[in-house]
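See structure below.
Predicted model only: the values in this text are computed from it and were never measured. Here is the naming used below: chain letters follow the sequence lines, and residue numbers restart at 1 for every chain.
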Number of protein chains: 2
Amino acid sequence: MVTLAEVAQHAGVSASTVSYVLSGKRSISTTTRQRVEQSIRELGYHPNAGARALASSRSNIIALMVPLRTDMYVPVMMEIAIAVATTARTHGYDVLLLTGEEGPDAVRRVTGSGLADAMILMDVELDDERLPLLRGTDQPSVLIGLPADTSGLTCVDLDFRATGALCVEHLAMLGHRDIAVIGEAPAVYERHTGFAERTLDGLRSRAQELGVRLLHRPCEGGYDAMAVTLARILDERPGTTGFVVQNESAVEPLLALLRQQGRAVPEDVSVVAICPDQVATQASVRLTSVAIPAQEMGRNAVERLVAKLDGRGSDEVVLITPELTVRASTGPVPA
Amino acid sequence: MVTLAEVAQHAGVSASTVSYVLSGKRSISTTTRQRVEQSIRELGYHPNAGARALASSRSNIIALMVPLRTDMYVPVMMEIAIAVATTARTHGYDVLLLTGEEGPDAVRRVTGSGLADAMILMDVELDDERLPLLRGTDQPSVLIGLPADTSGLTCVDLDFRATGALCVEHLAMLGHRDIAVIGEAPAVYERHTGFAERTLDGLRSRAQELGVRLLHRPCEGGYDAMAVTLARILDERPGTTGFVVQNESAVEPLLALLRQQGRAVPEDVSVVAICPDQVATQASVRLTSVAIPAQEMGRNAVERLVAKLDGRGSDEVVLITPELTVRASTGPVPA
DNA sequence: AGTCGATGTCGAAGCGCTTCGACAGCCTAT
DNA sequence: ATAGGCTGTCGAAGCGCTTCGACATCGACT
């Protein structure tokens, strides 16, 4: 293992000079800098991470806590995680992957040991038990998702309320007066992750404003559950012509069932999905959808975090404005 | 930040004694140990990761390189990553998430800086440019996937050749003589990730042994591509009654198209999928499938790696035996 | 000519931990 | 009774880096 001292000797300067070349914290003459850089290259020097962390009390590592659960939104989570990792690298940080398994202990461990300089939490619940810990430490953190009380926290999330409103608006504009909402699995609402409720809020209040009737039904993914749910909906509101789906694994079953029942999309019924673009474009009908901007969320979270680490930036809630893309699954209500 | 020295003072012992209590590397009397442990608890002490890494030249971190690409097999990747993270924790390791973006440089950086003690590489290509680096370092590593030359490397993967054979056997046993294979996207074959070719090998050789005709067609995911591919297949081999699908995003389109054409599954045609169990059970027809054991692969990789780190274990290739689960998508060939 | 502020470099003091050798005390075997 | 071996504890030396204050050099002012 090549050390700083060896580089220094090779370049004929002192260790501190090499350190300053590396960090740029003091000015170094061009000739010296070049000589040092040359030595670094020749010797294949890489600073030792542990020593650096010890001396500077900075590990240059960001911890990312992902949910343990792999039953929901996996591609979204993965996309966020990858966006976090790549964005972090552009700022000189590496990413430590923590699972939700350890719960609050993981937060204690990481902050206590100086393993990471900061953390990003995904899948935050409304009343998450990790929040008090985050508030009680001076280690910067960013949440992806919105808890009930955001005071003293920085959060990044899609504006799900606006998302709900946007979906209703689009359908209402096309003349739909009876709209059914296929929601997440009941467990999601019970877990109080918040985003589902916020979407529903947005849907409901905009529906009321526009005089549109709304029926909301949570739904497990898969064909059987969707079949039951759809039957119930059409039984209660036979005049339903618009659907809003917020459950990736219910999208395809819904389309299949509608097809099977002879209801054409978009001629007879319209479907708006809230899902990643990839799902929307790969479905059997190209879906009008509001995208879940996974990449943007990940990138944004890292950027806020880095800002905090640099002493810039402050606590705030960033709600990403939803965008609805019209594709082939929505059209005017049938005459 | 509480330090070792503070704990030592609080417990009335020397710093080294506390260290030995923590590591267990020397015997400590019960009374002393308890006193120290008590102090640790009272003060809420967490050893500083950087100092530890510096002094011991062990970071207790495992690096995991995931592919940057998020177009294929995302849930599988995520499941592996999570299995790696949780298994690593049970052995006292944390996981550093690296994306494929940096390529070989990431390997240099991590081994050079002592950031991680070992690494796991996913999505290894047949002739991966990172392999020489791994062979040239004494840092342990495990690959998930199989390169062309495995000498000096430890690899964990599903036995895709046996997987292919298993699929053919199952269909042949049910009387199918004309089998079509819906493969991965052409890009996957071009990238030489190996698993697709190995599956094909297994399929072909077993088909030949059993006197079954095989037609292989790569296929992009999605409905349009699948429609084209299916039409071609049925055009060339109208008597095809069995399908093997190795492309998650082609599964549902295939089922929909077959349904649409009035071909009942499993009465008229049988479908075997190579996919995670979750996909198989959530499809519109519960699919007979060979599971991709993501969890097991992740767990296994970590366990081999830890064994190497402990000086046990050696280079070897672990091929996980595939298991075919019969569900509702395969049946005897129609009379 | 003498002073002052830049500018560039160096030495040394840690950062918090692990680990080695030393050693005091005690038990067992001669 | 004494040598020898355990057991439990300690002190001190680093691990490789950052960073602070010191200092020499030099050009630009008065």
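Among the nucleotides D:dC15, D:dG16, C:dT19, the one closest to any side-chain atom of B:Ser56 is C:dT19. In this structure, of D:dG8, C:dC17, D:dG11, it is D:dG8 that holds the atom nearest to the side chain of B:Ser29. Nearest nucleotide to the side chain of A:Lys25, out of D:dT19, D:dC17, C:dT7: D:dT19. In this structure, of C:dG14, C:dC17, C:dG8, it is C:dG8 that holds the atom nearest to the side chain of A:Ser27.
Donor-acceptor pairing under 3.5 Å, judged by distance alone, is present between the side chain of A:Ser16 and the base of C:dG11. Not a single donor-acceptor contact under 3.5 angstrom links the side-chain atoms of B:Thr32 to the base of D:dG8. Below the 3.5 angstrom threshold, one finds no donor paired with an acceptor across the side chain of B:Tyr20 and the base of C:dC17. For A:Arg26 and C:dT9, a side-chain-to-base donor-acceptor distance below 3.5 Å is present, hydrogens and geometry of angles not being considered.
Residues B:Leu146 and B:Cys155 form a side-chain contact, since some pair of their non-hydrogen atoms from C-beta on lies under 4.5 Å apart.
Rounded to an integer number of Å, the gap from A:Gln9 CD to D:dG16 C1' is 15 Å. If you measure from atom CD of A:Gln34 to atom P of C:dG8, you get 13 Å, rounded to the nearest angstrom. In this entry the distance linking CG of B:Leu54 with P of C:dC15 reads 13 Å, nearest Å. Rounding to whole angstrom units, CG of residue A:Leu4 and C1' of C:dC10 are separated by 14 Å. Distance CG (A:Asn48) to P (C:dC15): 18 Å, rounded to an integer number of Å. Regarding B:Leu22, its CG atom lies at a distance of 16 Å from the P atom of C:dG16, rounded to whole Å. In this structure, CZ of B:Arg52 is placed 13 Å from C1' of C:dT19, rounded to the nearest angstrom. In this entry the distance linking NE2 of B:His46 with P of C:dC17 reads 12 Å, nearest Å.
At the heavy-atom level, A:Ser19 lies under 4.0 Å from base atoms of the strands shown. A:Ile28 comes within 4.0 angstrom of sugar-phosphate atoms only, judged by non-hydrogen atoms across all strands, and of no base.
With DNA chain C read from its 5' end, the first of the two nearest nucleotides for A:Arg33 and A:Ser57 is the one closest to A:Arg33.
How far CD of A:Gln9 is from OG1 of A:Thr3: 9.0 Å, rounded to the nearest 0.5 Å.
Residue B:Thr17 places no side-chain N or O under 4.0 Å from the OP1 or OP2 atom of D:dT9.
Formation of a donor-acceptor pair under 3.5 Å by the A:Asp149 side chain with backbone atoms of A:Ser151 is found in this model.
Checking A:Asn48 against A:Arg52 by side-chain atom types alone, no donor-acceptor pair falls below 3.5 Å. For the residue pair A:Gln38/A:Arg41, the side-chain donor-acceptor check at 3.5 Å is satisfied.
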